Amino acid sequence: MHLYGAFGLQIDSDIPIFLLNKNKAVIKEKLAKVRIKNNEALELPLPNYSQDIFTHATGMNTLFYRKGIGLFNINKDRIEYKKSTHCSEHDFLRILLSLPIGYCLMYNNNLVLHASVVSKNGNASLFIGKSGMGKSVLAYQLIGKGFKYLSEDICAVTDKNFVQPSMPFIKISDEFIKNDFQKTYKLNSDKRNRKGLFIDAKEFFNSPQKIKNIFILNDSDREACEITEITKKESLPLILKNSFKSLPLMNDKKFDEQVINRILNLDNEINFYKVLNSSNRLQERNERIETLIS
(Lines give C-alpha, C1' and ligand atoms only; values in the text may rest on other atoms or scores of the structure.)
Protein backbone atom coordinates (compact mmCIF):
# COMPACT_ATOMS: atom_id res chain seq x y z
CA MET A 1 0.00 0.00 0.00
CA HIS A 2 1.05 3.61 -0.61
CA LEU A 3 0.16 6.25 1.99
CA TYR A 4 -0.16 9.97 1.28
CA GLY A 5 -1.43 13.05 3.04
CA ALA A 6 -3.10 15.51 0.65
CA PHE A 7 -6.32 17.54 0.33
CA GLY A 8 -6.83 17.06 4.07
CA LEU A 9 -7.20 13.32 3.45
CA GLN A 10 -5.25 10.25 4.48
CA ILE A 11 -4.97 8.47 1.14
CA ASP A 12 -4.26 4.73 1.07
CA SER A 13 -3.66 3.70 -2.55
CA ASP A 14 -2.91 0.37 -4.19
CA ILE A 15 -0.90 2.23 -6.85
CA PRO A 16 1.92 4.77 -6.39
CA ILE A 17 0.81 8.35 -7.06
CA PHE A 18 3.90 10.21 -8.21
CA LEU A 19 2.04 13.52 -8.15
CA LEU A 20 1.90 13.23 -4.36
CA ASN A 21 5.39 11.92 -3.74
CA LYS A 22 6.73 15.34 -2.78
CA ASN A 23 4.04 15.84 -0.16
CA LYS A 24 5.13 15.11 3.39
CA ALA A 25 2.92 12.14 4.23
CA VAL A 26 2.17 13.00 7.85
CA ILE A 27 -0.73 10.74 8.68
CA LYS A 28 -2.96 11.95 11.48
CA GLU A 29 -5.87 10.11 12.99
CA LYS A 30 -8.17 13.10 12.54
CA LEU A 31 -7.77 13.09 8.76
CA ALA A 32 -10.55 11.43 6.79
CA LYS A 33 -9.33 8.11 5.39
CA VAL A 34 -9.83 7.32 1.71
CA ARG A 35 -8.95 4.05 -0.01
CA ILE A 36 -8.03 4.06 -3.71
CA LYS A 37 -8.19 0.63 -5.30
CA ASN A 38 -8.64 -1.11 -8.62
CA ASN A 39 -11.98 -2.75 -9.46
CA GLU A 40 -12.07 -4.41 -12.87
CA ALA A 41 -15.74 -5.29 -12.34
CA LEU A 42 -16.81 -1.64 -12.75
CA GLU A 43 -19.15 -1.12 -15.71
CA LEU A 44 -21.03 1.81 -17.19
CA PRO A 45 -24.82 1.51 -16.76
CA LEU A 46 -25.16 2.17 -20.50
CA PRO A 47 -23.02 -0.46 -22.25
CA ASN A 48 -23.17 1.27 -25.65
CA TYR A 49 -22.25 4.69 -24.27
CA SER A 50 -20.04 6.52 -26.80
CA GLN A 51 -19.61 10.04 -25.41
CA ASP A 52 -16.34 11.32 -23.96
CA ILE A 53 -17.66 11.87 -20.43
CA PHE A 54 -20.34 10.29 -18.27
CA THR A 55 -21.25 11.33 -14.74
CA HIS A 56 -24.03 10.05 -12.53
CA ALA A 57 -23.97 11.56 -9.05
CA THR A 58 -26.16 11.41 -5.97
CA GLY A 59 -25.67 12.70 -2.45
CA MET A 60 -23.90 9.45 -1.54
CA ASN A 61 -22.08 8.16 -4.60
CA THR A 62 -20.70 9.26 -8.00
CA LEU A 63 -19.93 7.17 -11.08
CA PHE A 64 -17.54 9.10 -13.34
CA TYR A 65 -16.19 8.02 -16.73
CA ARG A 66 -13.77 9.74 -19.06
CA LYS A 67 -13.02 8.21 -22.44
CA GLY A 68 -9.41 7.10 -22.78
CA ILE A 69 -8.82 7.47 -19.02
CA GLY A 70 -11.10 5.12 -17.13
CA LEU A 71 -14.14 4.60 -14.94
CA PHE A 72 -14.35 5.70 -11.29
CA ASN A 73 -16.81 4.86 -8.53
CA ILE A 74 -16.56 7.43 -5.71
CA ASN A 75 -18.00 7.73 -2.22
CA LYS A 76 -16.92 9.21 1.12
CA ASP A 77 -14.18 6.72 1.96
CA ARG A 78 -13.35 4.94 -1.30
CA ILE A 79 -12.41 5.61 -4.93
CA GLU A 80 -12.54 2.51 -7.10
CA TYR A 81 -11.12 2.71 -10.61
CA LYS A 82 -10.91 0.76 -13.83
CA LYS A 83 -8.11 2.25 -15.93
CA SER A 84 -8.36 2.35 -19.73
CA THR A 85 -5.84 0.09 -21.41
CA HIS A 86 -3.75 2.64 -23.28
CA CYS A 87 -3.96 5.52 -20.81
CA SER A 88 -0.61 6.94 -19.67
CA GLU A 89 0.28 7.07 -15.99
CA HIS A 90 0.52 10.88 -16.06
CA ASP A 91 -2.94 11.34 -17.55
CA PHE A 92 -4.61 8.74 -15.35
CA LEU A 93 -3.25 10.14 -12.10
CA ARG A 94 -4.02 13.72 -13.11
CA ILE A 95 -7.66 12.84 -13.77
CA LEU A 96 -7.85 10.70 -10.61
CA LEU A 97 -6.76 13.74 -8.58
CA SER A 98 -9.25 16.07 -10.23
CA LEU A 99 -12.95 15.19 -10.49
CA PRO A 100 -12.86 11.84 -8.60
CA ILE A 101 -10.95 13.28 -5.64
CA GLY A 102 -13.16 16.38 -5.85
CA TYR A 103 -16.34 14.35 -5.41
CA CYS A 104 -14.73 12.41 -2.57
CA LEU A 105 -13.86 15.69 -0.84
CA MET A 106 -17.42 16.87 -1.33
CA TYR A 107 -18.73 13.74 0.39
CA ASN A 108 -16.31 14.49 3.26
CA ASN A 109 -18.11 17.77 4.06
CA ASN A 110 -15.82 20.14 2.15
CA LEU A 111 -16.93 22.99 -0.06
CA VAL A 112 -15.19 22.06 -3.32
CA LEU A 113 -14.46 24.85 -5.79
CA HIS A 114 -12.75 25.12 -9.16
CA ALA A 115 -10.00 27.47 -8.00
CA SER A 116 -6.29 28.14 -7.73
CA VAL A 117 -4.96 29.19 -4.34
CA VAL A 118 -1.89 30.97 -2.98
CA SER A 119 -1.11 32.20 0.54
CA LYS A 120 1.07 34.86 2.16
CA ASN A 121 1.47 35.68 5.85
CA GLY A 122 -1.19 33.11 6.76
CA ASN A 123 -3.79 34.62 4.41
CA ALA A 124 -5.04 32.48 1.52
CA SER A 125 -6.36 34.03 -1.69
CA LEU A 126 -8.69 32.02 -3.93
CA PHE A 127 -9.02 32.64 -7.67
CA ILE A 128 -12.31 31.15 -8.85
CA GLY A 129 -13.51 30.92 -12.43
CA LYS A 130 -14.27 28.76 -15.40
CA SER A 131 -11.59 26.97 -17.40
CA GLY A 132 -9.46 29.35 -19.44
CA MET A 133 -9.76 32.34 -17.10
CA GLY A 134 -6.07 32.24 -16.19
CA LYS A 135 -6.40 30.98 -12.62
CA SER A 136 -3.30 28.82 -12.81
CA VAL A 137 -1.20 31.49 -14.54
CA LEU A 138 -2.18 34.02 -11.87
CA ALA A 139 -1.19 31.64 -9.07
CA TYR A 140 2.01 30.65 -10.88
CA GLN A 141 3.09 34.27 -11.33
CA LEU A 142 2.61 34.94 -7.61
CA ILE A 143 4.86 32.05 -6.61
CA GLY A 144 8.24 33.47 -5.71
CA LYS A 145 6.81 36.93 -5.01
CA GLY A 146 6.34 36.17 -1.35
CA PHE A 147 3.37 33.87 -1.99
CA LYS A 148 3.29 30.11 -1.61
CA TYR A 149 1.22 27.69 -3.63
CA LEU A 150 -1.62 25.60 -2.15
CA SER A 151 -3.83 24.25 -4.86
CA GLU A 152 -4.95 24.35 -8.45
CA ASP A 153 -8.22 23.17 -9.98
CA ILE A 154 -9.49 21.29 -6.91
CA CYS A 155 -9.91 23.59 -3.92
CA ALA A 156 -11.27 22.02 -0.71
CA VAL A 157 -12.60 24.48 1.87
CA THR A 158 -13.27 23.18 5.40
CA ASP A 159 -16.15 24.26 7.65
CA LYS A 160 -13.60 26.42 9.51
CA ASN A 161 -12.84 28.42 6.34
CA PHE A 162 -9.43 26.87 5.79
CA VAL A 163 -8.16 25.74 2.39
CA GLN A 164 -6.56 22.31 2.31
CA PRO A 165 -3.22 21.91 0.48
CA SER A 166 -3.44 19.65 -2.54
CA MET A 167 -0.22 18.75 -4.36
CA PRO A 168 2.85 20.66 -5.61
CA PHE A 169 1.83 20.30 -9.24
CA ILE A 170 0.38 22.80 -11.71
CA LYS A 171 -0.72 22.82 -15.37
CA ILE A 172 0.70 25.67 -17.42
CA SER A 173 1.05 26.56 -21.11
CA ASP A 174 4.58 26.66 -22.54
CA GLU A 175 4.56 30.44 -22.96
CA PHE A 176 4.33 31.00 -19.18
CA ILE A 177 6.78 28.36 -17.92
CA LYS A 178 9.94 29.81 -16.40
CA ASN A 179 13.30 28.58 -17.62
CA ASP A 180 14.30 27.28 -14.18
CA PHE A 181 11.89 24.35 -14.42
CA GLN A 182 13.88 21.47 -15.87
CA LYS A 183 11.21 18.79 -16.00
CA THR A 184 7.71 19.04 -17.40
CA TYR A 185 5.12 16.38 -18.17
CA LYS A 186 3.14 16.12 -21.38
CA LEU A 187 -0.55 15.68 -20.59
CA ASN A 188 -2.24 14.05 -23.56
CA SER A 189 -5.69 14.43 -22.04
CA ASP A 190 -5.43 18.18 -21.46
CA LYS A 191 -7.62 19.85 -24.07
CA ARG A 192 -5.65 23.10 -23.84
CA ASN A 193 -2.28 21.41 -24.46
CA ARG A 194 -0.80 22.54 -21.17
CA LYS A 195 2.14 20.83 -19.53
CA GLY A 196 2.41 19.67 -15.94
CA LEU A 197 5.26 20.70 -13.69
CA PHE A 198 6.19 20.31 -10.03
CA ILE A 199 6.37 23.28 -7.69
CA ASP A 200 9.50 23.36 -5.54
CA ALA A 201 8.88 22.20 -1.97
CA LYS A 202 9.97 25.55 -0.50
CA GLU A 203 7.24 27.31 -2.54
CA PHE A 204 4.44 24.92 -1.51
CA PHE A 205 2.37 25.15 1.68
CA ASN A 206 1.70 21.69 3.09
CA SER A 207 -0.69 22.85 5.81
CA PRO A 208 -4.21 24.38 5.75
CA GLN A 209 -4.42 28.14 5.32
CA LYS A 210 -7.16 30.54 6.42
CA ILE A 211 -9.10 32.26 3.62
CA LYS A 212 -8.67 36.03 3.43
CA ASN A 213 -9.65 36.87 -0.17
CA ILE A 214 -11.89 35.34 -2.82
CA PHE A 215 -11.64 36.64 -6.39
CA ILE A 216 -14.33 35.50 -8.85
CA LEU A 217 -12.87 35.84 -12.34
CA ASN A 218 -15.08 36.65 -15.33
CA ASP A 219 -14.25 37.49 -18.94
CA SER A 220 -15.66 40.45 -20.84
CA ASP A 221 -16.48 41.03 -24.50
CA ARG A 222 -15.78 44.73 -24.05
CA GLU A 223 -12.48 46.41 -23.20
CA ALA A 224 -12.31 46.15 -19.41
CA CYS A 225 -10.25 45.46 -16.32
CA GLU A 226 -12.48 45.95 -13.30
CA ILE A 227 -12.11 44.62 -9.76
CA THR A 228 -15.10 45.34 -7.53
CA GLU A 229 -15.49 44.41 -3.88
CA ILE A 230 -18.86 42.75 -3.27
CA THR A 231 -20.78 41.38 -0.30
CA LYS A 232 -20.94 37.70 0.63
CA LYS A 233 -24.60 37.68 -0.39
CA GLU A 234 -23.69 39.04 -3.83
CA SER A 235 -20.93 36.45 -4.15
CA LEU A 236 -23.18 33.46 -3.34
CA PRO A 237 -24.54 32.74 -6.87
CA LEU A 238 -21.11 33.37 -8.39
CA ILE A 239 -19.36 30.95 -6.03
CA LEU A 240 -22.14 28.38 -6.41
CA LYS A 241 -21.71 28.56 -10.19
CA ASN A 242 -18.08 27.54 -9.75
CA SER A 243 -18.64 24.84 -7.16
CA PHE A 244 -18.94 21.13 -7.86
CA LYS A 245 -22.57 21.19 -6.85
CA SER A 246 -23.50 23.78 -9.48
CA LEU A 247 -22.98 21.17 -12.19
CA PRO A 248 -26.37 19.83 -13.37
CA LEU A 249 -25.59 16.31 -12.26
CA MET A 250 -27.47 15.78 -9.03
CA ASN A 251 -31.08 16.08 -8.03
CA ASP A 252 -30.58 15.54 -4.30
CA LYS A 253 -32.21 18.68 -2.82
CA LYS A 254 -30.89 18.01 0.68
CA PHE A 255 -27.36 17.85 -0.70
CA ASP A 256 -27.97 21.07 -2.65
CA GLU A 257 -28.89 22.78 0.60
CA GLN A 258 -25.75 21.50 2.30
CA VAL A 259 -23.51 23.02 -0.38
CA ILE A 260 -25.34 26.35 -0.25
CA ASN A 261 -25.03 26.36 3.54
CA ARG A 262 -21.28 25.74 3.23
CA ILE A 263 -20.99 28.84 1.05
CA LEU A 264 -23.10 30.83 3.52
CA ASN A 265 -20.77 29.60 6.28
CA LEU A 266 -17.83 31.42 4.70
CA ASP A 267 -16.39 33.93 7.15
CA ASN A 268 -17.91 37.42 6.96
CA GLU A 269 -14.41 38.84 7.32
CA ILE A 270 -13.36 37.39 3.96
CA ASN A 271 -12.90 39.96 1.19
CA PHE A 272 -15.02 39.06 -1.85
CA TYR A 273 -14.18 40.52 -5.27
CA LYS A 274 -15.85 40.30 -8.66
CA VAL A 275 -13.28 40.60 -11.45
CA LEU A 276 -14.18 41.49 -15.04
CA ASN A 277 -11.55 41.75 -17.75
CA SER A 278 -11.04 41.41 -21.48
CA SER A 279 -8.57 38.82 -22.76
CA ASN A 280 -5.95 41.44 -23.72
CA ARG A 281 -5.76 42.77 -20.15
CA LEU A 282 -5.02 39.59 -18.22
CA GLN A 283 -1.57 40.73 -17.10
CA GLU A 284 -2.95 44.05 -15.89
CA ARG A 285 -5.57 42.13 -13.92
CA ASN A 286 -2.94 39.89 -12.37
CA GLU A 287 -0.80 42.84 -11.31
CA ARG A 288 -3.77 44.65 -9.75
CA ILE A 289 -4.74 41.54 -7.80
CA GLU A 290 -1.15 41.15 -6.59
CA THR A 291 -1.23 44.73 -5.28
CA LEU A 292 -4.51 44.07 -3.42
CA ILE A 293 -3.26 40.99 -1.60
CA SER A 294 0.38 41.91 -0.95
Side-chain angles (χ1 to χ4, degrees), residues 7-8 102 105 110-168 170 172 176 199 203-220 224-244 246 259-277 281-294:
F7 302 98
L105 287 164
N110 293 281
L111 171 62
V112 184
L113 303 172
H114 296 284
S116 294
V117 189
V118 298
S119 186
K120 182 179 181 180
N121 299 326
N123 297 320
S125 294
L126 277 64
F127 311 122
I128 301 173
K130 66 182 182 181
S131 180
M133 283 305 304
K135 302 185 297 296
S136 299
V137 172
L138 174 54
Y140 180 68
Q141 289 182 348
L142 290 169
I143 297 170
K145 294 185 176 183
F147 295 87
K148 289 191 176 183
Y149 179 73
L150 259 85
S151 185
E152 176 224 34
D153 194 26
I154 300 299
C155 170
V157 179
T158 71
D159 59 359
K160 302 296 184 182
N161 296 291
F162 279 83
V163 178
Q164 297 285 9
S166 61
M167 53 189 174
I170 195 167
I172 292 288
F176 298 108
I199 302 298
E203 295 176 328
F204 176 68
F205 259 127
N206 200 27
S207 60
Q209 299 291 301
K210 186 83 169 181
I211 300 174
K212 180 63 177 178
N213 306 292
I214 294 180
F215 293 85
I216 302 139
L217 310 181
N218 301 272
D219 52 10
S220 173
C225 182
E226 302 169 0
I227 302 176
T228 307
E229 189 164 5
I230 59 177
T231 65
K232 183 170 76 171
K233 183 178 179 180
E234 291 171 323
S235 74
L236 174 60
L238 302 175
I239 296 175
L240 183 62
K241 185 178 179 180
N242 291 283
S243 72
F244 266 51
S246 70
V259 175
I260 293 172
N261 286 334
R262 286 172 193 154
I263 298 175
L264 291 172
N265 190 49
L266 290 170
D267 198 318
N268 290 324
E269 295 183 1
I270 293 173
N271 302 315
F272 299 90
Y273 298 93
K274 180 179 179 180
V275 182
L276 185 68
N277 64 272
R281 298 179 70 174
L282 286 174
Q283 189 56 38
E284 178 186 350
R285 177 202 70 182
N286 293 358
E287 291 170 359
R288 288 180 61 184
I289 289 176
E290 179 186 350
T291 299
L292 277 171
I293 62 179
S294 292

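The structure presented is a predicted model; accordingly, all values stated were derived computationally and were not measured.
Between Ser243 and Val112 there is no side-chain heavy-atom pair separated by less than 4.5 Å. Inter-residue side-chain proximity for Leu142 and Tyr140 is flagged as unmet; no heavy-atom pair is nearer than 4.5 Å. Taking 4.5 Å as the limit, every side-chain heavy atom of Ser125 sits out of range of all side-chain heavy atoms of Val117. Side-chain contact check for Ile289 versus Phe215: some heavy-atom pair is nearer than 4.5 Å. Looking at Leu217 and Ile128, their side chains never come closer than 4.5 Å, going by heavy atoms from C-beta outward. Put simply, the side chain of Phe162 does not reach to within 4.5 Å of the side chain of Val157, judged on heavy atoms. In this structure, the side chains of Asn213 and Leu292 stay at 4.5 Å or more apart for every pair of heavy atoms. The shortest distance between side-chain heavy atoms of Asn110 and Thr158 falls below 4.5 Å.
Counting all heavy atoms, side chain and backbone alike, Ser116 lies closest to Asp153 at OG-N, 4.3 Å. Taking both residues in full, the closest heavy atoms of Pro165 and Phe205 are given as CB-O, 3.3 Å, listed atom of the first, atom of the second, then distance. In this structure, Asn242 and Lys130 approach most closely via the heavy-atom pair OD1-N, 3.6 Å. Nearest heavy atoms, Asp219 versus Leu276: O-CD1, 3.4 Å. Contact detail for Gln164 and Pro208: the closest heavy-atom pair is OE1-CG, 3.4 Å. Considering all non-hydrogen atoms of both residues, Ile239 and Leu113 come closest at CG2-CD2, 3.7 Å.
Rounded to the nearest 0.5 Å, atoms CG (Leu126) and SG (Cys155) are 4.0 Å apart. Between the CZ atom of Phe147 and the OG atom of Ser294 there is a distance of 4.0 Å, given to the nearest 0.5 Å. Distance check, rounded to the nearest 0.5 Å: CG of Leu150 to OG of Ser119 gives 6.0 Å. Here Asn277 contributes atom CG and Arg285 contributes atom CZ; the two are 4.5 Å apart, rounded to the nearest 0.5 Å. Note that CD of Glu290 is 13.5 Å distant from CZ of Arg288, once rounded to the nearest 0.5 Å. Going from atom NZ of Lys274 over to atom CG of Leu238 covers 6.0 Å, rounded to the nearest 0.5 Å.
Of the possible polar contacts, one joining the Asn218 side chain to the Ile216 backbone as a donor-acceptor pair under 3.5 Å is found.
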Next on the checklist: One pair to check against side-chain contact (heavy atoms from CB on, under 4.5 Å): Arg262 and Val259. What are the steps and the verdict?
Outcome noted: CA-CA 5 Å; Arg262 286 172 193 154; Val259 175; 4.2 Å; yes

Item to check | side-chain contact (heavy atoms from CB on, under 4.5 Å) evaluation trace for Tyr149 with Glu203 | outcome: CA-CA 6 Å; Tyr149 179 73; Glu203 295 176 328; 5.7 Å; no

Next on the checklist: Please determine whether side-chain hydrogen bond (donor to acceptor under 3.5 Å, both in side chains) holds for the pair Asn161 and Asp267, giving the CA-CA distance in whole Å, both sets of side-chain angles, and the decisive distance to 0.1 Å.
Outcome noted: CA-CA 7 Å; Asn161 296 291; Asp267 198 318; 4.6 Å; no

Item to check | side-chain contact (heavy atoms from CB on, under 4.5 Å) assessment of Ile293 paired with Asn123 | outcome: CA-CA 9 Å; Ile293 62 179; Asn123 297 320; over 6 Å; no

Item to check | Residues Phe7, Ile154; criterion side-chain contact (heavy atoms from CB on, under 4.5 Å); working and verdict | outcome: CA-CA 9 Å; Phe7 302 98; Ile154 300 299; 4.0 Å; yes

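Annotation: cation-pi pair Lys232/Phe272 absent, no NZ/CZ under 6.0 Å from the ring centroid and within 45° of its normal.
For the pair Glu152 and Lys135, the salt-bridge criterion is not met [side-chain N within less than 4.0 Å of a carboxylate O].
In Lys120, the NZ atom is crowded: over 12 heavy atoms of neighbouring residues, nucleotides or ligands sit closer than 6.0 Å.
Gln141 and Glu287 share no side-chain donor-acceptor pair at under 3.5 Å.
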